[in-house]
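This report concerns only the one structure given below.
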Protein chains: 2
Amino acid sequence: MLRMSKLTDYATVLLAHMAYERHISSAGELAEATQLAGPTVSKLLKTLARAGLVDSVRGPQGGYALARLPEQISAADIIDALEGPVAITECSAGAGQCELESVCHVGSAWQRINRGIRTALGEVSLLDLQDRASPLPGLDLAAEARGATSSANRA
Amino acid sequence: MLRMSKLTDYATVLLAHMAYERHISSAGELAEATQLAGPTVSKLLKTLARAGLVDSVRGPQGGYALARLPEQISAADIIDALEGPVAITECSAGAGQCELESVCHVGSAWQRINRGIRTALGEVSLLDLQDRASPLPGLDLAAEARGATSSANRA
DNA sequence: CTGTAGAGGACCATTTTAGTACTATTTAGC
DNA sequence: GCTAAATAGTACTAAAATGGTCCTCTACAG
């Protein structure tokens, strides 16, 4: 578990396809190409357009195309567009929203883990996702999560 | 989003408390101490016991205690116990479960990201979660996610 | 034996997610 | 202008996951 929603997954498939075919395509064409249900594709593209990840053109010959170069769209962008900011726990979305704060010994660890994951996802571009041959860049979760100091007291 | 369930969050609170109080406590006492609802605490502890993260003793004076030292219980263990294996996409749980594989250009990237996150969570122990002063160890998501080679083609 | 405490399910209510449908708006082409 | 192709926006429904509760059974200390 700890998973993102199916729609987010579909969105990556869509975007990866759009990165592959560089030209503008209608929602219908994209649905056809990706084998996803038409209405779902429409809905996703509208959301992605609102988030600024794709540009839309209305009217006949209209359709959608990536708003930026594939390498400038990150996995974090996609997740943000569809699910809002990454937050593995409710607390980790921000401070002070947790009524258990006084008794809870968990503290800020999740928040740091969260930031780390988020940073890692920010490092992965659509280009990395799209091209199955490309070796992922070094997801440097470490840097952000490390936060303060530390290195190893691990077993 | 991309979040773990509330129950998992509660479980960390519980376990962190158990790591703090080293002695055996009944479900009721733990509920009291953590301000979580009694039945929910019971359910969680049962699940955790089944997963082997806590030991249980029945009968009067019974209760629960950590089965291992706090530093030997990882965030990944906790998530695994409550939600099953981490898998941010359905595909990433394993290969061949995706009927879109032929048309999907996304390939294995998510799987590698997933492994990275999982490894990172495996590096964080209950001790790190419990002690709010402790600086997290370096979550080396990089190593696993990098997988093959690569280092930087990032902007 | 009796009471306390966990084990294991079954169950229900709520929320979230996925998917669909409908109406309005824009615009190319005739 | 008119028409048709396409997106924009929103509302709605169905299904699934989640969170939470309850009930019965078993183990064991006193």
Side-chain angles (χ1 to χ4, degrees), chain A residues 1-14 18 23-32 34-67 79 81-84 87-90 99-100, chain B residues 1-14 18 23-32 34-67 79 81-84 87-90 93 100:
Chain A
M1 303 286 167
L2 187 76
R3 71 175 44 163
M4 51 189 213
S5 77
K6 268 193 207 174
L7 290 179
T8 307
D9 200 357
Y10 294 164
T12 31
V13 174
L14 267 178
M18 294 170 80
H23 56 74
I24 188 172
S25 316
S26 73
E29 288 164 358
L30 289 168
E32 176 80 17
T34 56
Q35 296 288 317
L36 298 170
T40 300
V41 169
S42 285
K43 186 183 183 177
L44 283 170
L45 288 168
K46 280 181 244 180
T47 304
L48 292 171
R50 230 170 306 163
L53 297 189
V54 303
D55 286 331
S56 66
V57 177
R58 290 179 163 202
Q61 319 309 324
Y64 296 91
L66 293 186
I79 294 178
L82 280 130
E83 317 190 19
I88 64 173
T89 64
E90 272 170 36
E99 72 281 7
L100 266 54
Chain B
M1 303 287 169
L2 187 78
R3 71 175 41 163
M4 51 188 214
S5 78
K6 269 193 206 173
L7 290 178
T8 307
D9 201 358
Y10 294 165
T12 36
V13 175
L14 268 177
M18 294 171 80
H23 56 74
I24 188 172
S25 317
S26 72
E29 288 164 356
L30 289 169
E32 176 81 18
T34 55
Q35 295 290 316
L36 298 171
T40 300
V41 169
S42 284
K43 185 183 185 178
L44 282 170
L45 288 167
K46 282 181 247 179
T47 305
L48 293 171
R50 231 171 305 162
L53 297 188
V54 303
D55 284 332
S56 64
V57 179
R58 291 178 163 201
Q61 319 310 323
Y64 296 91
L66 293 186
I79 294 179
L82 280 130
E83 319 190 17
I88 63 172
T89 63
E90 272 170 35
L100 265 54

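Proteins come first, then strands; the chains are lettered A, B, ... in the order of their sequence lines, and each starts at number 1. All values reported here derive from a predicted model rather than from experimental measurement.
Contact annotation: side chain of B:Lys46 to base of C:dG8, donor-acceptor pair present below 3.5 Å.
Applying the side chain to side chain contact (heavy atoms under 4.5 Å, CB included) criterion to B:Arg58, with sequence neighbours excluded, gives no partner residue. Applying the side chain to side chain contact (heavy atoms under 4.5 Å, CB included) rule to A:Ala67 yields the partners A:Asp55; only residues at least two apart in sequence or on another chain are considered. Taking the side chain to side chain contact (heavy atoms under 4.5 Å, CB included) definition, one finds that A:Ala31 meets it with A:Val41, sequence neighbours left out. With sequence neighbours left out, A:Thr8 forms a side chain to side chain contact (heavy atoms under 4.5 Å, CB included) with A:Met4, A:Ser5, A:Ile78, A:Ile79, A:Leu82, A:Glu83.
In this structure, B:Lys46 and B:Tyr64 approach most closely via the heavy-atom pair CG-OH, 4.0 Å. Nearest heavy atoms, B:Ile24 versus B:Val57: CD1-CG2, 3.7 Å. Looking at every heavy atom in both residues, A:Ala81 comes nearest to A:Leu53 through CB-CD1, 4.0 Å. The heavy-atom pair separating A:Leu45 from A:Val54 by the smallest distance is O-CG2, 3.9 Å.
The distance from atom CD of B:Glu32 to atom P of C:dA5 is 13 Å, rounded to the nearest whole Å. Atoms CG (A:Leu7) and P (D:dA15) sit 17 Å apart, rounded to a whole Å. Rounded to whole angstrom, the span from the CG atom of A:Leu53 across to the P atom of D:dT7 amounts to 17 Å. In this entry the distance linking CG of B:Leu44 with C1' of D:dT21 reads 13 Å, nearest Å. When rounded to the nearest whole Å, the span between CG of B:Leu36 and C1' of D:dT21 equals 15 Å. Rounding to whole angstrom units, CG of residue B:Leu30 and C1' of C:dA5 are separated by 13 Å. Atom pair A:Lys6:NZ and D:dA15:P shows a separation of 13 Å (rounding to whole Å applied). The CD1 atom of A:Ile79 sits 13 Å away from the P atom of C:dT17 (whole-angstrom rounding).
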Show me the protein contacts with nucleotides 11-16 of chain C, counting only N or O atoms at under 3.5 Å.
none

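In terms of phosphate contacts, A:Tyr10 brings no side-chain nitrogen or oxygen within less than 4.0 Å of OP1 or OP2 of C:dA18. Listed pair B:Thr40 / D:dT21 meets the phosphate criterion, a side-chain N or O lying under 4.0 Å from OP1 or OP2. OP1 and OP2 of C:dA5 both lie 4.0 Å or more from every side-chain N or O belonging to B:Ser42.
Between A:Thr40 atom OG1 and A:Lys6 atom NZ the span is 10.0 Å, to the nearest 0.5 Å.
For residues 56-67 of chain A, proximity to DNA chain C is found at A:Arg58, A:Gly59, A:Pro60, defined as any non-hydrogen atom under 4.0 angstrom from a strand atom.
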